[in-house]
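It should be emphasised that the depicted structure is a prediction, and the values quoted were computed from it without experimental measurement. Residue numbering restarts at 1 for every chain, and letters A, B, ... go by the order of the sequence lines.
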Number of protein chains: 2
Amino acid sequence: MASSSGPDSSRRVTIHDVARSAGVSRQTVSRALNGKDEIERSTKQRVLDAARELGYRPSRFARGLVRQDTTTIGLVIPDLRNPFFTEVAASALESARARGWHVVVYDTADRPEEELGTLQVIGSQVDGVVGYFSCAEDELDRYTRGMPMVLIGREHRMARFSSIRIDGEAGVHAAVAHLVARGHTMIGMLDHDNRAEPSLRREWFTAAALAHGIDPGRVAGAGQSADGGGAGLRALLAAHPEVTAVFTFNDIVAIGALREARRLGRAVPADLAVIGFDGLQLGALMEPPLSSVALDTRRLGALAVEQVGRLLTGADPLPPEDLEVRAELRLAGSA
Amino acid sequence: MASSSGPDSSRRVTIHDVARSAGVSRQTVSRALNGKDEIERSTKQRVLDAARELGYRPSRFARGLVRQDTTTIGLVIPDLRNPFFTEVAASALESARARGWHVVVYDTADRPEEELGTLQVIGSQVDGVVGYFSCAEDELDRYTRGMPMVLIGREHRMARFSSIRIDGEAGVHAAVAHLVARGHTMIGMLDHDNRAEPSLRREWFTAAALAHGIDPGRVAGAGQSADGGGAGLRALLAAHPEVTAVFTFNDIVAIGALREARRLGRAVPADLAVIGFDGLQLGALMEPPLSSVALDTRRLGALAVEQVGRLLTGADPLPPEDLEVRAELRLAGSA
DNA sequence: TTGAAAGCGATACCAT
DNA sequence: ATGGTATCGCTTTCAA
């Protein structure tokens, strides 16, 4: 029972219809529409008129089939409303546009089932994929067949994948060092609250803390939102009232912590120093402006697009050491 | 294992290659790949193996040509990094996803030439378009032929266009009324700084001010950014030091004004009341939280997608009175 | 300048 | 269960 009970009368207008209406052949129509010069002015005009009259629009599929030039990449993002991903997406769009590529954006709303759904349909819509994925690698593989894929912020095992590494080790180390230099010894962390696996950022923090002889155990989980950050800070301070500085999983959480600190009557940075992670532009609007271990999101997006491009064209892919974005401490008012 | 499998020959792997490699016909390959049941297990497996071996991926164009089911819409946004447009985009993506549609996103970076470039290529990539445009209507028309188009926040003349109206009149009136009720009589506005045409929001402000017997002339222009808002506020206060309340073109500008007020030593809302426009989620993170004439961006995106869908399928388009998003005053701490 | 015919790569409808 | 053939809508040779 194939066809939807669509507007029967309005069957698609094809190049053939235009040709018949203008009393020429299909090729002539094609010429007129594509601005070729081997055509008489009057003929061209007649065709153009007929086309407009009939409301003709070329089928992108038919056209794409014969002129194999357009590239479209898929960008998969967990949550476009999260400013971090917004920045990454915007950067990816920029890079793609510079190459004349089109980008289909999929927001998986942080839901695994949406991610799978996306993976299933994406294969028949784009030439390559860039983005964030949470599902198991073999699932990724199964759903995307031979598609070039660049994973952001996640390691891969299979050779067919490529990934952009986020290296925050030095940046987090610098952050902790800075706090220590300011006299802090009780430094806590607000990690994400997905306890399935500890975050890399947590590991970096732990290592950096230990390197400075600081107890890395003052950690609380926080939902990925400002509210989550606020609640997380409350929990952290309840469990460890001695904490005077906090490093957070990301800037959104840090911003929530900032707000919560204010509500608790703790001055920042005097009573509580806060350092986030990501380096969102948003942080500069806070009071005080947020210090953060900053990522160059522009480079991140550009790198991902560049790499998927290389996979696409068969050019030499960038080597792993170039596929790395280093985060560095950017101090503002909050610490 | 995978080291040898390279896309050495530049020619595309087609269904034909897979068929030959597996020793079956093309249709059988199609069956195997699309999970039809009229096929023997062993055959299917053989085909699948061959496909994987060759790195075969079906052409989306060929597939789209024969199964005319996928719809793709284009979303044109002036600046994805602007939180307002982020919200609209996210909402549009949500609505599209709910319908199983794909969305190609174009960020025109606020540049007219990018907008034209986008219009030119968009025609052959999507079935319909939703978004923000700044160019003249006849240009819009010329570049997009018979494509269904929904313009957001902008009126149209030609019948082929459809548009979503932003109605902030009542909301702005309420904002001014609120300020007046709080005793403010010297109310300024930070408009956008594109002096080509006064903004609708400015007109609403003027009308509301006059209705309350307030001089609507205390206006300064501001760039569309927090920094612009800060500079704008400085300019406004320099020209009109008596101002005690300010309504801004949008929330980003308002946020900049908030920050600038703090720097100038003006307490908000005590010394200076601020009301923005848009109702960004971001506003809630400010100190104090931003009062704003809020737009339901979710509805905005949903409406645009719904309408382009109707135009696409030939269903009855929504009537103009339904294509309207009303802004309403949402009070927080800043006024 | 124009037209006829041959694909582009896949699926669907019949045969077998 | 499998294969032939027509077809989707368009562009590209190649003739006329």
Check: With a 4.5 Å limit on heavy-atom distance, are the side chains of S163(A) and R154(A) in contact?
Finding: no
Next item on the list: Specify the separation, in whole Å, of atom CZ of R12(B) and atom C1' of dG7(C).
Entry: 15 Å
Check: Is there a donor-acceptor contact under 3.5 Å linking the side chains of T72(B) and R60(A)?
Finding: yes
Check: Is it the case that S162(B) and R310(B) place a side-chain donor and acceptor less than 3.5 Å from each other?
Finding: no
Notebook entry, point to check: Does T28(A) have a side-chain nitrogen or oxygen under 4.0 Å from the phosphate oxygens OP1 or OP2 of dG3(C)?
Noted result: yes
Item checked: Test item: T43(A) side-chain N/O and I39(A) main-chain N/O as donor-acceptor pair under 3.5 Å -> no
Check: Hey, is the side chain of Q27(A) pairing donor to acceptor with the base of dA5(C) inside 3.5 Å?
Finding: yes
Next item on the list: Quickly work out the R60(A) CZ to dG9(D) P distance and round it to whole Å.
Entry: 13 Å
Checklist line | R298(B)-S95(B) side chain donor-acceptor pair, cut-off 3.5 Å | finding: no
Next item on the list: Please work out if R57(B) contacts a base, only the sugar-phosphate, or nothing of the nucleic acid, heavy-atom cut-off 4.0 Å.
Entry: sugar-phosphate
Check: Within the structure, does a side-chain N or O atom of S30(A) lie under 4.0 Å from either OP1 or OP2 of dT12(D)?
Finding: no
Margin query: What contact category does K36(A) fall into here, base, sugar-phosphate, or nothing, at under 4.0 angstrom with non-hydrogen atoms?
Written below: sugar-phosphate
Next item on the list: Verify salt bridge (charged side-chain N to carboxylate O under 4.0 Å, His left out) between D107(B) and R81(B), making sure each step is shown before the conclusion.
Entry: CA-CA 9 Å; D107(B) 185 331; R81(B) 286 190 175 87; 5.6 Å; no
Notebook entry, point to check: Between the base of dG3(D) and the side chain of R31(B), is there a donor-acceptor distance below 3.5 Å?
Noted result: yes
Note to self: Quick check for you: among dT2(D), dT2(C), dG9(C), whose closest atom lies nearest to any side-chain atom of E40(A)?
What the structure shows: dT2(C)
Checklist line | Most 5' of T14(B) and S42(A) on DNA chain C, judged by nearest nucleotide | finding: S42(A)
Next item on the list: Let me know the distance between NZ of K44(A) and C1' of dT2(C), rounded to the nearest Å.
Entry: 15 Å
Notebook entry, point to check: Rounded to whole angstroms, how far apart are NE2 on H16(A) and P on dT7(D)?
Noted result: 12 Å
Next item on the list: Could you check how far CZ of R63(B) sits from C1' of dA12(C), rounded to whole Å?
Entry: 14 Å
Item checked: Positions of residues 19-26 of chain B (non-hydrogen atom under 4.0 Å from DNA chain C), listed by number -> R26(B)
Next item on the list: May I have the distance from L65(B) (atom CG) to dA12(C) (atom P), rounded to whole angstrom?
Entry: 12 Å
Item checked: T108(B) versus E115(B), side-chain donor and acceptor atoms under 3.5 Å -> no
Margin query: Go nucleotide by nucleotide along DNA chain D from the 5' end; which of A62(A) and R41(B) gets its closest nucleotide reached first?
Written below: R41(B)
Check: Atom CZ of R67(A) to atom P of dG9(C): distance rounded to whole Å?
Finding: 16 Å
Check: Within this structure, what is the CZ-to-P distance between F61(B) and dC10(D), rounded to whole angstrom?
Finding: 14 Å
